[in-house]
Structure formats: structure tokens, C-alpha cells
J.: 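Sharing a structure, written as C-alpha cells. Questions coming.
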Amino acid sequence: MAITESTSMRGSKPSSSILNNETFRSIVFQFVTVVCIFGLGWFFVTNTIENMSQRGMSAGFGFLDSSAGFGISFTLIPYTESDSYFRVFQVGIANTLLVAVISIFGATVIGLIVGLMRMSKNWLVRTIARWYIEILRNTPLLLQIIAWYFGVFNLLPRPRDSLDWGGLFFLNNRGFYMPGPIPGDGFTVTLIALVIAIAAAVGLRYWARKRQEATGKYFPAVSVGLAVIVALPLAIFLLSGAPLAWDVPVLQGFNYRGGVSVPPALCALVLALAIYTSCFIAEIVRSGVQSVSHGQTEAARALGVKPSWTMRLIILPQALRVIIPPLISQYLNVTKNSSLAIAIGFPDLVSVWMNTSLNQSGRAIPIVAMTMAFYCLVSLFVSLIMNAYNRRILLKER
Amino acid sequence: MSTDTIEKTATRSAKSGQPVIELVGMSKWYGNFQVLKDIDLTVYEGERIVVCGPSGSGKSTMIRCINQLEFHQEGDVIIHGKAYGKDEKQNDLIRRDIGMVFQSFNLFPHLSVLENCTMAQIWVKETPKAEAEAVAMHFLERVRIPEQAHKYPLQLSGGQQQRVAIARALCMNPKIMLFDEPTSALDPEMINEVLEAMIELAQSGMTMIVVTHEMNFARKVADRVIFMDQGEIVEQAPPHAFFDNPQYDRTQLFLSQILHH
Amino acid sequence: MSTDTIEKTATRSAKSGQPVIELVGMSKWYGNFQVLKDIDLTVYEGERIVVCGPSGSGKSTMIRCINQLEFHQEGDVIIHGKAYGKDEKQNDLIRRDIGMVFQSFNLFPHLSVLENCTMAQIWVKETPKAEAEAVAMHFLERVRIPEQAHKYPLQLSGGQQQRVAIARALCMNPKIMLFDEPTSALDPEMINEVLEAMIELAQSGMTMIVVTHEMNFARKVADRVIFMDQGEIVEQAPPHAFFDNPQYDRTQLFLSQILHH
Amino acid sequence: QQTLETVQERGNLNCQVGLPTPGFYNLDSDGNWSGIDVDVCRAVAAAIFDDPEAVDFQSVTSAVRFTSLANGESDMLSRTTTWTAVRDTQLGLDFTTINFYDGQGFLVPEDSGITSTLELDGATVCVLTGTTTELNLADYFRANNMEFTPVTNENVNVLVETYLGGGCDAYTNDKSGLAARRSAFPNPDEHVILPETVSKEPLGPVVRNDDSAWADIVRWTLFGMIEAEELGVSSENVEEMLESDSPAIRRLLGVEGNIGEEMGLAPDFMVNVLRHVGNYGEIYEANIGEDTPVGIPRAGTQNDLWTRGGLIYAMPFR
Amino acid sequence: MSDSTTTRTQPLIFQPKPERAAPPSTVGVVGWMRENLFSSVSNTLMTILGAYIVYVFLASVLNWALFNAVWEAENRRECLDLVGRSGACWPGVMQWFDNLIYGLYPKDQIWRINLGFLALILWVAPLWFPKVQSKVAIGITAVMLYPFLASYFFLGGDKGVFWTALVSAGLTGLIWVWLTVFTELRYGRSFTRTMGAILGNSGKSEEEQLKFGRLSLIGVFVIAVVLVSQWELSFVSTRQWGGLFLTLVISGIGITFSLPSGILLALGRRSTMPLIRMICTGFIELFRSVPLITILFMFNTMLPLFLPVGVEVNQLVRAIVAVCLFAAAYMAEVIRGGLQAIPKGQYEAAAAMGLGYWQATTLIIMPQALKIMIPTIVGNFIGLFKDTTLVSIIGLFDLLNMARSVGEDTRWLGLFIEPFFFITMIYFFFCFLMSQYSINLERKLEAGARR
Ligand SMILES: Nc1ncnc2c1ncn2[C@@H]1O[C@H](COP(=O)(O)OP(=O)(O)OP(=O)(O)O)[C@@H](O)[C@H]1O
Ligand SMILES: Nc1ncnc2c1ncn2[C@@H]1O[C@H](COP(=O)(O)OP(=O)(O)OP(=O)(O)O)[C@@H](O)[C@H]1O
Ligand SMILES: [Mg+2]
Ligand SMILES: [Mg+2]
């Protein structure tokens, strides 16, 4: 039967007996499939156990405690060579998430810009955007990552000749260096001020809305709110005597030390991911905006709504419905694609865990299983959010 | 028929000679193709004008120029004595006096009917919300769909949507209303619904330009009927003169086609 | 009116007392909501039945149960003496005698009109292609659109599409035809087109159940009119009795609304 | 199932080498494999089939080399794999013997002024991932209380390219590879190999530890080649040597005794090996000797015969 | 009011004004430039900036790749001595060209690959002939039979009876395609029908004639068997496959496999049987949520462990299986999207007409769902084609790994950027073709959907 709901409805009928032909057949079919799949699984498992015992390989997660013994070029959380394999796993996850988050942010910004360029009135701008998308979308990401790594970051000057911005920020082929903050006593006051400022901004927005409802007067709550969030903590910070020291990177020996540094592999990976994904996002943005018919803009204009508000009140709310779902799946793709870090040796989960750790420890099964579990969890989590969102934004129709 | 004539004369006298819309030698090109040729037209306060003409004759383009949804290249479009110019801010102010109802409604599908009507009031005229809603409900009642206020446009029938579009335009309290073939997408039943709403509106003395081929409507409501062809105004006359005694061969031909249809 | 009556009696006598559809104490629930309550209905061979009633009263659900597009939970649906049961193969056989025309046509857009009509013949009845096409052309002629046979459904007007839907159902040579509001999606002109086609069909003596609010059609064609409300059959009577002298206040109320509309 | 039987049934040897690397497993534009590790594979194939071409070379990344061997995909691993306790005891593998003694060294630009590895505190170092090199590097710096930042990759070319671009201050790898790489630099003279050798890197063929008979075949083929060099038997004179009176040579070439048969091979398997592939000295000189682009001198180093002061030493072939 | 019609005078004649030319600044090249490049100050700035960026980009790439490049050299050293690193060193790539395209395939056997792809082109070319009718049959035979023919071309070796039959079937298919093309262009009906008309008695019905026509196919098959048993192609191990050839093989198989299995999975995911639905959903979600690289890794390193001792599965086969499963999961979601777009009424109409589940699915639902999703499906193909670069990470010598090997050749040691640049061009060429094709298709379908 083709009408799926009805069939199951029928199955739930109280008087239904097991002799129901259709139901019976479907149960038999399902039973056979399940038996096949479990049979196959059992076959695999017994083979694996036999193979492993015969070849003296060990499964199990015991090795997670033993010391890894290799260095990792970039770690977000503290790590030394004597830390355990499990720590390596954590380092990998942290790095993967870091890459994913930055790339997603970058891809969204660039994608938005390119998407708008694609719709520009300027022919040249439009054409550049088009070829930007065509070229980057049609070459493998793996090659692009390598190209960024060698085509750009490896060509930067050596540490001694670093590009220097005000003696605080440095860029060379070892990465990007910037001052790192060291909070002093009393810095908490500034943090508290920040929290207060955020609360104030939220309150301001609420007040602005209420006032507009009551009097019709418009108040630019967002920009004022942002100003408050910046200005208030800054003022408090300065008043409390600027209790924050900066760890400025200095050239010492081979390279800059201190401060915060971003290695070139990370830069290249993030840039490649962001730019590659931005092509897809640009197209998503364009199709989203173009899905809102021109009539909507004209209607808004005929009503006297300013272009900037037309975007905000009419175009965006409608375009977002079309944009968000494919956008999220692009975000998932970024997370998955960050596994290509292996090509330039950035220590993401796949590179540091499924490659280095697997090779050093030889524990293939637990390592591959843990890696896959991580990605599955991330994707499951995102799908849950997505489904909830999709349900919320459905246009009300007849 | 006689009450009709009386009423029409009454409103025509209200037309106090104040010109509201003046098109002076306006021309417009799409690329090399001249859509509008030297249009001269003056519309007085309270006048109801019906524009007709064959497809592609430039009717839509003309009324879109009045609203500056399209830009003309030569001549002037003057509304209440002020001409459109380069300054978009200024143009926006001029445009506020003009309401427009599109053939395809162009309602905002993500806003409820009420929000469709209050949105521009709140953001453009900075009306308090409660007041805006009262205005909106007033006009929704006037087009007889107050009970649909909290539905969304896609949940309404075509005729209802068209009425929302009219109410939405009216909420901005425009001095001039432009209608671009407001009934061509509707089925006969709904055409009547919408025309009735428009007739009621017409009786309130608002300046209106209506592009339509509903000749009954023109007869009943119009102060002047304008016939366009190939980007020019061929003929303009009061309805009885226009229908019963057209001056030009082109008009006669057109009328013979449209009335036999 | 007199020829009409004569004709009607003629066909009614053709109803030889053989029951074709029997609903016996049929009930249906959606979750906890009872849509149909203990429906008892017998339709005899050649009878033409019009079902009407307020929206949500269960009309569609009832005729969909007759076709087993929906399953009922209690009681029996018996077609030609055979009740639907658990055996889907058997049900499919029973169902073959029933044609259904949907309100929204549900034509297959990727197949031409002709293919729409031959598809089920070829795959379900295993008719040779040439023969199936002959049958299809026959019925397309009968609904007066043989010249559209090679077009695709989306290229046709609503009325034409509806006729294709009728022809498609007829091609399976059903003994019973079910129509679910076959005209509600059409504009007035097309309603007439489709109703004419159906009247012609009715005159050929096929058993028909039609859900519709076209009261003129009911008067002209029906042998019996059934009025439903809240999942029950409130009243059933020949059309003249039904319209001129309804028994229940509920029916009277409904008729007063629908006839003044 | 015994590996030898499997191999004989299949008709060829699955020998795992690495991604192309000059001198050890080199792939040329005609699709031919060559190199000292490749010749070990060929020698084993010659021992079994009398056909050095009966080898299927599996070239995989270092990351999966042990799994690929352990899961039975390859019969033996002949790539620059360091013999370590963990690998030998925990991964289900067996190291047979050593065909090359290597040690880890560092390559730095000459203009950096560095002359010793101990001056590398704080340096960024390019290192192959998944190798003992990576572990040794960490150990060495830890032992000397120095800091370093690794730049890791599994592709040597990426590392070299990074190093040349200045992305790291030093490039570390087995010394054998350093010289070869340097020779391909735009300006080889501007880079120096630091004198220290920071680790022991004994490299040799590996098999699974579930079949010691098979391990013996690999091990004794290689021992045979070393023995042959010691005895002066080479691919050129092997036919004449069949006539030799020396009991050691006669045993080696299967004229006397039944060493080959007991292993399940032909009695004269070493003749086949020597005829087709050559003795250890020959494969060394042909692939990585001083006359090759790789150019690793042998005389007087660990890789010379024990009789000449080196470490290359075959167990008695008797 | 109607009585006034009687007093009608002679009508005036309407003379349309002649069209005037548009103001010069709004039309022509000047008008176009004003509109599209210099319509405002900010626009003008953007134009200048854009032009500068394009110039810098093109100049540096062209300088390196063309103007400063070395075209003839014996080894990399020579290149370096000539231009250093300011120009590309192409001789290395040229010398490795065959390998980049065909992998390590024996040089004297390369004609087999060419022939194999030529056969494919011959096979599918009739799909673009407007007058050919049996396009569906041709497409299906291409998918069902071509692989046998191709795998024998590529693999070679001994063929038993079984293989001979399969390869002959493949050859029969190819011959049938062209016989049909010929007869359809010439006589307007397919080969079998033509033969039926010739062989069969003209008095017999069409059905019976067809039987004779089918007999003629057996004749063709016999000829093919004779031909095939004459061939003797040497065996080429899959380890020697590589380069673009391998990339095309993997992605080609992935693409052909993903469609049918994606359809089945999508149907399974919408099935009424809860266990089937759970299994399909689980499979799809699992394979979609992890990166392809982990799947490849798993299949490469772990599959041999799953199988009994002694059972060996070719590494290429494992990679292909991994790619196929991954592609199937992705395709399933695309198809599901298409299925969801089909209104419920279509299912009901099919059921009301007595079509069973499989009939309704194959005759009504799938054709519509596939048509809606064609652009997305092609997009998926492009993604898959690009993703095959990942098989290099498990050590298959696909295009990418082959390019990497150039730099390990002792003569071209360190030659790294040039081969990568070259293969990037190859990838771009194929992907761009596919994406343009899908855009065209989309336009065509859009136009077709309207009245
Ligand atoms: N964007 C455009 N580019 C080029 N030509 C256009 C454009 N818009 C309209 N035209 C042309 O301008 C002419 C007038 O168009 P307009 O829409 O004003 O006609 P109309 O009188 O409203 O016709 P209809 O009754 O069909 O709506 C037509 O010939 C049309 O083809
Ligand atoms: N799938 C469903 N799930 C739950 N309730 C349903 C479902 N389909 C219909 N109903 C409810 O069943 C009742 C009867 O529906 P039905 O479609 O038969 O009404 P109807 O008489 O055909 O009305 P109309 O004239 O509007 O078509 C309605 O109250 C409806 O809301
Ligand atoms: Mg128009
Ligand atoms: Mg209904």
C-alpha cells in the first residue's frame, strides 16, 4: 500500500490478528532482513576476534591511558609529550571544533559578501564573483588546502623579516602572532561591567520596542546597545587602572615567543575551508534572496519603506527560511571537511588521532570507532536543532 | 442609472481644479525601445481615472512611473507640485502620498494580515502600534474582511488577498491610489467582490488611477477614461463620450474588440 | 422540467434492486476523534447518489472508505457482496470495480493524457497497448477532449484536466464511480463543462456517488440526496423531497444557507 | 594457513613498500619500482618463484602500514621501518633482521649559523608523522630540556617544501634521506646536515608474528645475500661459484645440504636470488651507494660488513 | 445613454508618433558601461578595484605558468638553474603525463584504456541523436552491460566460460546499440523489430514477429562469443591502475551505483515497516555524518579483519565499496527530498486506479521525483568526483597520488607545485563541464514545466 499512514493505522486496529496477510508478509520480510544484517554483523565480529587473536593484535581501550610520546604542533588545551592517548583524543576534538567554528564564521561572512557581489549591479563585480565561485567550487578542497599552504603562507617572510604591525602583531611563515592578555587583579570588575552592559543592551532593546509600540518613535537599539557593550566595560577597565597586562610576542631565538600564535597550517586550513564553503554559501544566499520575489521589494517601496528596512523587515525574514536549512548542512560539511587537515599536517582529530595515534599504537578498531562516534554525535546534535528550527519557520499556508 | 449620473456630477464638482498629478512630456525607454512617448497628463484632486489600452501599450509603465517604481528619462513627473528628482529622500517623501495596489497583490507572506497593514504605519509613519492596529482594522472592515485579521495571506482566497492589498495601501492614508489591473488574476466571483470594494472607495472622493479592462466599472465610476496605444495617450474623455462616441479609429477598434469579448 | 422527470423515472426503474455498495454500521476514528459514526447505507445498481453536508462532516472520509483509501475500524464495507478484509490482494480485486475522481484531479504530470488513461489498463488489467489506447480514445471522445490526447496535463485548463480525470477512471471500466467535490476547484465556466460531462455519464446508467454542493446537478441527476453532519447520515431522500420538504431542522438550516449563497 | 602456501597459490608476493622515496622504494616515470627495500622484496620473490618480478608492490602511507600488514593484506613489509620494542611486541609483528642502519639527523640552513642540535632550543622542526622520528624528536628535546614546535606531515615533499620556504628551522629525518633530499634543493650548498645522530634507526623487513616459518624465509634470504657478499658471491660470478669448493659457498648455493628444502623452497634458492637480484653489497651500491643520486657512502660506516668494521652481519648459513 | 451612439462623426485617424532614439548616454556601449560599471562613485571604485585584482591575479599566474616557464629540460636541476622557482618546470609533468592519465598501466597496453573509454562514448553517443527512439534501452544497457566489457578491457587475463559469456554479452550490447541506431535512422524502428519483420512471416502479428527479432539477438551473441574467445589480453593488476583513469573508474562506479542504491535506501527510509525504516535511516545517518576519509580508512584497514582468514579483497575494491556506500547515503537523501515533493494525491490516485506499491513507485512516483532532483543529483556527482581525491590518503595511485609521485622521482625530486597545478586543471575541467551541463538541464526543465 502506498499510503503509509493508513497502513500503520490499520495495524493498530485492536481486532487485528497475526494472520493478516499484508502485515504477516511485512513482518517476515523485516525479520529476514534483520536476521541477515545481524548474521552479517555476527560474521564480521567472529572473524575479527579470530583474526585478531591469531595475529596477536589487541583491541580494547586499555591503551588510552598509556603515554603518547609525540609532540603536537598546535594544542588548544594543555598537552605534553608524556600525556596519555586519551588526552590526544581530546586535543584532536578541541582542534577540530576550533577549525570548524572559525571556518564557519569566516565562510558565512565571505559567503554573504560574495553572494551579494553576485547580485551586484556592477558587471565586473558580478563576473568576478561568478568566476570565484565557479573556480573554487569545481576544484577539490584537498588541492585548495595545499595551495593555500604553499601558495600563500609558505611564501610569507621568515620570522626575522616578519610583517610587523605596531610591534604587537606579527605575521611570518611560522604563523600569526598577537599579544595575549594576562588579567591582573581587579579585572573581574571589568568582566562584571561587561555582563551588566550586555544586560543593559538587552533591556534597551526591550524598552525601544515598547516605546515604539506606544509612541511610534523608532530608536536604534541595536547600534546603541552595541556601543554600550563596548563602551561601558572599556570605561570601567580604564577607571580601574587597566588591570590587564599584555604578553607581547618578542623575537627570541628562532621565532617570536609569548602572546598568542596561530600556526600557518591552521591559517591555511581555515582559509581554505572558509573560502571553499563560502562559494556554496554565496549560492545559497543568492537563491534565498532571489526566492523573495521582486514584487515584495516593490510593494515595500510603494509603501514608503526605506531600502535598508525593506531588507530587514521584508526580504531577510523570508529569505532566511530558504537559506537556513542548506546553510546548516554546509556547516556540517565544514566540520567533516576539516578532516582534510591531514594534508598539511594540522593536528585535527583525524590527523592526530586516526593517523598519528593509530600508527603509533596500532589500535585500529577502537581508534576508528571513537573517531566515527565523535562525528556522528556532532551531526546528530545539529540535526536535532535543525528539525526544531524547521518546524518553527514553516510558512503558514492553507 | 440616474442616481449614478447625479452622484458622478457631485464628485466631479469636488474636483476643485487643484492638479495632483502632472506628467509633463514624459518619455521612457527600455534600451532602445521607447515605451512612453511624450506623455502629458494632468489629474485633478478627487478625480477617478480609468486607463485602458491594448497589451504592451505602456499602461503599467506609466502608472509605475507615477510612483517612480520605474525611472523616466525625459520630462517631469510632478506630484502635488513637487517633481521627482535625483534626491531619493525627497522622492520617498513625495511617494508617501501615493498608494499602489498590484495585480499580483504582493502581500508579505511572513506577516499576518494585520501586520501587513500596520507594518508601514509603524516603520514609516511612526504610528504607535495600538493606533496603527485601529487604523488597520478600520480599513479591513471597510473591505469587509475584519475577521481575517489574524490569518496569514497564504491562508486567504484570491479575492480576500486583493482586499488586504487594498486595505494595506489605504492604511497609509494616501491622497492618490494607483491600481494596476487589480482584478485580472481573479475569477469572476472575486472580481465582483473587489470591484465592489473599489467602488465604495471611489465614492469617498479619493484620487484614483485604475488600469483595468472592466468597462462596467469604468462606466460606473470613472470621471475620465484614458486610452493608450504604443506608448501614447490616444484619447481621453468622460466615460459616456468615450464609450458611445470615441473620436479615433484606434479607440473604436479597441472598444469593438473589448465589448464583444 | 418534465422531460427531466420522465428520464429520471426511466433510469430509476433500471435499478433492479441489486445492492452494489453496502455500508453496515461503519465507524471510523482519527486517533480519538470519531469521524464516521455507525454509517448504514445501501446503494443499488444504477443509482446516482449526491452527498452533501457542511465542511468536516465526513463526506470525503466516507467515500474514501468505500474505496478503502482510508481504513475503517468498525462495521463492514461490502462491494458487490464482498467485504473488504485483511487480505490486500482481495481488496485490490474489489477495488477494481470502483473508479474515483478526485477534487484536485491528481493527474500524473509526467505522462501524456493518453498515457494517463492507458497506464492502469496496461499494468493492472494487462490490456495490450493498442487496445488500451482505443479504449482511452473512446472515453476521451465521450468527455469531448479527444484532440488533447497527446498533450500533457499541465498544458490543459482546469476543466479539461477534470475531464481527463473522469476519462481515466472510466477507462478501467468501473461499475461504480466516486466523485469527491469534482467541481470545487474550478471556475464557474469550467464547472459547467465538467457537470455536463458528468450528466452525460449519469445518463448511461452507471452507479455513482457524488460529493458536491451543486444543487442544480443534484436536482437534475440524483436518485437520492444524502445529507451528512458530524459523521452521521442525517437525511436521505429523492431530490424533490429533499429540497422541497426536508425533514430535519438541520437539513433545513443547511439548505437555507446553501441556496441563498 | 601458512603464508608460503598462500603466496605460492597466489603466484606472487604482496610486498608492502612506502610512498615513493628515492633510493629505498623509488617509482620512475615508466612505472618501475626500484630501491634497496624493493630489492629485498624481489629477492624473496626470486627465492620462492625464481622470478624477481612476481611481486605486487603495495605502496601505502606510513599511517596504515602496520594495519595493512597485520590484517593480512601484505605478506611482508619492506620499507624503512624502525625496529622498536612496542612494534615488535604489541602490534602482532615480527622484525626479521636489519638491512640498513640509520640514525636520525637534522638539516638546517647554513646561514642560520647552527652547528649543533643542542642549539635548536625553541626551533620549529619539520618531521614526518607516524614515524619513530616523531617520537625520537620529542624524546631528544625533552631529554635536553629544550622546547620545540613540530610541523608534521606524512608527505615528505610537503615537509621539504615547508622547510625550503622557511616554515621550519630544521628538517629532521633519517640521515639517509636527508642527503638525498638536499641534493634536490635549488641550492644544496646552503644547507648543512648537523653532525649529531640523535637516535638509532635499525631498519628491516617485517612480517606478521603468526608464522615463523615465513619469517625465516624472509630473514634467511636477506642473511643469504649478506653471506654472499661476505663470501664474494655476486650476481656476476654466481654461475662460476656453483663449481666452488668452499663448503660455505656450496651450502649457500644449495649444492650441499638441504637448507632450502627444509624451508619449503628450492634447494638452490639463493642461486636464484643472487642471479636475479644480487648480493647485499650490490643492491646497496646500485640503489643508495655513492654513485647514485642518494649517495650514502658505505665504507667504514655501520652499514659496512662486520668484517670491515660495520654492523652488517649474517648468522652462519649452515 | 445608449441613444447618443447615433450621432457619430467620421473618426479621427490615430497616427502613432515615431519612436525617438533613446538619450545616447543610456544605450550602446557607453550606456552599458554607465549602467554596469560606472553608475555611481562607489560603483566606479569597485570597478577599478575589481580590474586591479583580476590583473594582479592573472598576471602572476600566467607569468609563472606560461611566460617564465621552462618547457624543455632533462631534470629538475636544469629547470632550477634556468629560472629558479619563478617559473613552472613543465618537462617533469610532460614526462609523467602518461602516468598522470593512465597510472602505472603498462605502456604498451594503454590502448586498452583508450579503447574502453571509446566504447563508452560509442555506447552513449546515440543518446544525443535526436531521432533515436530507444534511448532508455540504450541507457540501461550502458549501465548493465558496459561494465563487463570495460572490466575485461582494463583487467584482461584468463577468461573462463563465465567471463566469456559476460564479456560477450557486453559486446552484444554494443553491437545491438549501433544496429538499432542504424535501423532506427534508416527504417524508423528498432533492430529487433526490423529483424522480426525480415525474418518473420509478414502475415504474423507484431508480437510474434518480435520473437523472431529476439532470435536475431542470439545470433549476434554467438558472433560475439566467437569474437571474444579469439581475444587474449594480458592481465593487468589493479595495483597498476592509476591516475585520471583510476579517478574516473572510482567515481564512475560510485556514480552509477549510488543512484539505484540511493533510490532503494530512500524508499526504505519511507517504508511502513519499522525495522526496515530504522535500518535504512541508521545507515544513511551513519554514512552521512562521518567524513568520507574515515569511511575509507575503515574499509581500508578494517575490512580485511572482518573477513575470514585467507579471504582477500582487493584494495581498489574496498575503496570503491567505501565510496559507493558513502555516495548511496548521500544520494538517498537527495531522492528522499524529491519523494517528499510529490503530492500525496499522486499516491492516492495510483492506489485508486489499482496500481500496487512497486507499480506506483516505478511508474508514477520515481519518474517525477528523479526529474525534480536532476540538478541536485548532478551536483552530487560533482561532489563525488572531487571527493575521490581522498583515496590517495589510503594509498591508491589516483590522480592526486600520481601527481605526488612526480616529486619523488629521482630526476624530478621536489617537483611538487607543477603536477598539482596540472591536476587541478583536470579536475576543474571535468567538474566545470558537469556543472554547466546541470545548469543547462535545469533551465530546460524549468522551461518544460511551464505551459
Ligand atoms: N523591463 C523591461 N525591459 C524591456 N521592455 C519592457 C520592460 N518592461 C516592459 N517592457 C515593454 O514595455 C512595453 C510596455 O509595457 P507595459 O507593462 O507598460 O504594458 P501594459 O500596457 O501594462 O500591458 P499589459 O496590459 O499587458 O499589462 C511592452 O512592450 C513591454 O514589452
Ligand atoms: N488525517 C486526518 N487526521 C485527523 N482528522 C482528520 C483527518 N482527515 C480528516 N479529518 C477530520 O475528519 C473530519 C471529516 O473530514 P472530511 O474530509 O471527511 O470532511 P468533508 O465532509 O469532506 O468536509 P469538506 O466539505 O470540507 O471536504 C474533519 O473534522 C476533519 O478535520
Ligand atoms: Mg500591465
Ligand atoms: Mg471533503
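Being a predicted model, the structure only gives us computed values, none of them experimental. Naming: A, B, ... by sequence-line order, numbering from 1 per chain.
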J.: Identify which part of D:Leu19 has an atom lying under 4.5 Å from any heavy atom of chain E, answering side chain, backbone, both or neither.
T.: side chain
J.: If I measure from the heavy atoms of chain D, does E:Phe297 come under 4.5 Å with its side chain, its backbone, both, or neither?
T.: side chain
J.: With a 4.5 Å cut-off on side-chain heavy atoms, are E:Gln315 and D:Ser74 touching?
T.: no
J.: Looking at every heavy atom in both E:Arg239 and D:Asp56, which two are closest together, and how far apart are they?
T.: CD-OD1, 3.2 Å
J.: Please look at D:Asn32 and chain E and tell me whether the side chain, the backbone, both or neither of the residue comes under 4.5 angstrom of a heavy atom of that chain.
T.: neither
J.: Which atoms of D:Arg181 come close to chain E, meaning under 4.5 Å heavy atom to heavy atom: side chain ones, backbone ones, both, or neither?
T.: both
J.: Can you tell me how far apart CG (E:Asn300) and OG (D:Ser68) are? Round to the nearest 0.5 Å.
T.: 5.5 Å
J.: Rounded to the nearest 0.5 Å, what separation is found between the CH2 atom of E:Trp96 and the CG atom of D:Asp30?
T.: 9.0 Å
J.: Test side chain to side chain contact (heavy atoms under 4.5 Å, CB included) on E:Phe397 and D:Leu27 and set out the steps.
T.: CA-CA 12 Å; E:Phe397 278 79; D:Leu27 178 65; 4.1 Å; yes
J.: Check whether D:Asn157 gets within reach of chain E through its side chain, its backbone, both or neither, counting any heavy atom under 4.5 Å.
T.: both
J.: Checking an interface table here. Which of residues 402-411 of chain E come within a heavy-atom distance under 4.5 Å of chain D?
T.: E:Met402, E:Arg404, E:Ser405, E:Gly407, E:Glu408, E:Asp409, E:Thr410
J.: Answer yes or no: are there more than 12 heavy-atom neighbours, outside E:Phe97 itself, under 6.0 Å from its atom CZ?
T.: no
J.: Tell me, out of E:Asp81, E:Asn401, E:Leu415, E:Asn99, who's got the most heavy-atom pairs with chain D below 4.5 Å.
T.: E:Asn99
J.: Is the shortest heavy-atom distance from the side chain of E:Leu80 to the side chain of D:Phe185 under 4.5 Å?
T.: no
J.: Return the minimal non-hydrogen interatomic distance between D:Glu161 and E:Phe416, and the atom names on each side.
T.: CG-CD2, 3.8 Å
J.: If you check every heavy atom in residues 58-76 of chain E against those of chain D, which residues fall under 4.5 Å?
T.: E:Arg76
